[in-house]
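Just so you know, ligand 1 is whichever comes first in the structure, and atom 1 is the first atom listed for that ligand.
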Amino acid sequence: MPVVIRTLRQTVCQVLQSTACRCRKAALPGLFPGPSPWQLPADANFHSASFSETDQPRVLITGGLGQLGVGLANFLRKRFGKDNVILSDIRKPSDHIFRSGPFIYSDILDYKNLRETVVNHRITWLLHYSALLSAVGEANVSLARAVNITGLHNILDVATEHNLRLFVPSTIGAFGPTSPRDPTPDLCTQRPRTIYGVSKVHAELMGEYYHYRYGLDFRCLRYPGIISADSQPGGGTTDYAVQIFHDAVKNGKFECNLKANTRLPMMYIDDCIRATLEVMEAPAESLSMRTYNVNAMSFSPEELAQEVLKHVPEFQITYNVDSVRQAIADSWPMNFDDSNARKDWRWKHDFDLPELVTTMLNFHGFDTRVAQAN
Ligand SMILES: NC(=O)C1=CN([C@@H]2O[C@H](COP(=O)(O)OP(=O)(O)OC[C@H]3O[C@@H](n4cnc5c(N)ncnc54)[C@H](O)[C@@H]3O)[C@@H](O)[C@H]2O)C=CC1
Ligand SMILES: CC(=O)[C@H](N)C(=O)O
């Protein structure tokens with residue numbers, strides 16, 4: 001590119017950036033309770049430790065005692081140091097979790113408490129995991145609305161106020177019966193019919209709005225159903241794919257609450273946690289979007305049962321369909337198109353169905369090598 005054009009381009013960019021900066025400061029007074037950095041002179045923005053000030057991110061995980069948070073904290077602690085990753089929740093942690101690294105009480109509905117936590121612990125990354133999932137959300141819509149929507153507003157405000165990098169997981173549940181289901185691309189109709197799905201579409205849109213309007217470093221992945229061995233699911237539609245392994249090993253049989261041919265996108269927890277760290281560490285210029293589908297595999301209960309049967313020959317599956325969960329599953333994607341994540345930040349899953357099944361059975365104490373040799 002000729003030097004003159006390059007210089008002109010840089011000048012235009014600088015002007016645009018300084019205008020954007022002024023707009024952002026002008027727009028924010030009044031958005032946050034109490035004195036906010038935006039109401040102070042620019043050089044007095046002292047209470048957010050920016051990335052350049054610290055070697056490692058200082059991470060806060062909200063809703064960290066659910067299915068995904070503890071595994072995520074363990075992974076991030078290996079990478080960034082134990083004391084740099086704080087797990088938080090409104091529930092009481094087990095002794096083991098309490099001893100394994102910093103844990104604090106934090107209710108996302110209490111803005112002052114959230115702000116105190118971010119300030120006192122000099123947080124730079126916020127991974128926001130608190131939520132009510134699809135099935136429990138339908139059983140308690142007003143609580144789901146409060147936690148998933150009002151709570152998210154607090155998270156967006158505190159993250160913007162303190163210049164945090166913010167990760168909010170979305171879900172296959174952010175799509176609905178009018179979305180293309182096989183496959184479901186990143187950008188398409190999203191008209192979910194659960195409070196969970198509606199709140200997640202809201203989170204995606206609000207996060208992107210804050211990104212474009214205030215410069216918030218918002219990053220979001222739509223996870224498929226996540227399968228974990230050492231943590232229990234919190235009341236979702238894909239929970240059967242975790243429970244089946246416990247029951248196969250313990251009782252040799254499993255009663256499934258979805259129909260045999262209900263196909264849904266799924267992922268092993270190690271892939272999910274790695275995807276989360278990878279998108280958090282991706283250079284901003286590699287992200288052509290702020291909300292990405294990520295996927296690993298798709299299967300139905302009968303296909304999962306067939307794979308379990310290869311290792312546990314006496315295994316039996318029966319079906320007792322839960323109409324609420326079935327209606328939800330029938331409106332969700334069957335296959336998830338995550339080609340943008342694979343292209344932009346080189347997402348690649350490690351676990352397909354056979355590896356998932358052997359890993360889960362081995363974790364539950366079932367020796368798959370012995371079973372296959374017999
Ligand atoms: N597990 C999965 O298959 C998938 C999970 N996700 C998302 O990942 C995130 C984490 O999911 P899970 O760990 O499975 O959820 P979970 O339901 O197991 O855990 C959620 C946690 O949020 C906490 N919580 C509830 N109200 C709170 C409040 N007022 N303040 C602070 N914490 C509160 C609960 O105590 C619970 O420990 C959620 O946002 C979920 O939507 C997305 C797709 C799939
Ligand atoms: C896929 C999800 O978001 C969750 N596991 C649920 O089933 O609600």
Examine distances only and state if a side-chain atom of Thr189 and a backbone atom of Ser179 form a donor-acceptor pair shorter than 3.5 Å.
no
For the aromatic rings, using the six-membered ring if either is Trp, is the centroid distance between Phe80 and Trp125 under 6.0 Å?
yes
Which parts of the protein, at residue level, reach under 4.0 Å of ligand 1 through a heavy atom?
Gly63, Leu65, Gly66, Gln67, Leu68, Asp89, Ile90, Arg91, Ser106, Asp107, Ile108, Tyr129, Ser130, Ala131, Leu133, Val147, Pro169, Ser170, Thr171, Tyr196, Lys200, Tyr223, Pro224, Gly225, Ile226, Gly234
Flag if over 12 foreign heavy atoms under 6.0 Å of CZ, Arg274:
yes
Min N/O separation Asp239 to ligand 2 under 3.5 Å
no
With atoms numbered from 1 as shown, which atoms in ligand 2 lie under 4.0 angstrom from a non-hydrogen atom of Thr237?
6 (C), 7 (O), 8 (O)
So, does Tyr223 sit close enough to ligand 2 that a heavy atom of it is under 4.0 Å from the ligand?
no
May I ask you to check whether over 12 heavy atoms, not counting those of Tyr212, lie within 6.0 Å of atom OH?
yes
Show every donor-acceptor pair shorter than 3.5 Å between a side-chain atom in residues 99-107 and any protein atom, with sequence neighbours excluded, or say none if there are none.
from   : atom 1 : to     : atom 2 : distance (Å)
Ser100 : OG     : Ile97  : O      : 2.8
Ser106 : OG     : Asn113 : OD1    : 3.4
Asp107 : OD1    : Leu109 : N      : 2.9

Considering Leu133, Thr171, Val136 one by one, which has a heavy atom nearer to atom 2 (C) of ligand 2 than any of the others?
Thr171
Per-residue contact class, Tyr196 against ligand 2 - non-hydrogen pairs under 4.0 Å
side chain
Checking the side chain of Asp322 only, and the main-chain atoms of Val324 only, is there a donor and an acceptor separated by less than 3.5 Å?
yes
of all protein heavy atoms, closest to atom 8 (O) of ligand 2 is Ser134 OG, 2.5 Å
Residues two or more places apart in sequence or in another chain: which of them pass side chain to side chain donor-acceptor pair (under 3.5 Å) with Asn320?
Glu255
Heavy-atom distances under 4.0 Å are what count here, so tell me which part of Tyr240 touches ligand 2: side chain, backbone, both or neither.
neither
Nearest non-hydrogen atom to atom 5 (N) of ligand 2 belongs to which of Thr238, Ile328, Leu264?
Thr238
All ring pair (Phe, Tyr, Trp, His ring centres under 6.0 Å) counterparts of Phe167, not counting sequence neighbours:
none
Can you tell me if CD on Gln316 sees more than 12 non-hydrogen neighbours from other groups inside 6.0 Å?
no
Donor-acceptor pair, Gln326 side chain versus Lys259 backbone, under 3.5 Å?
yes
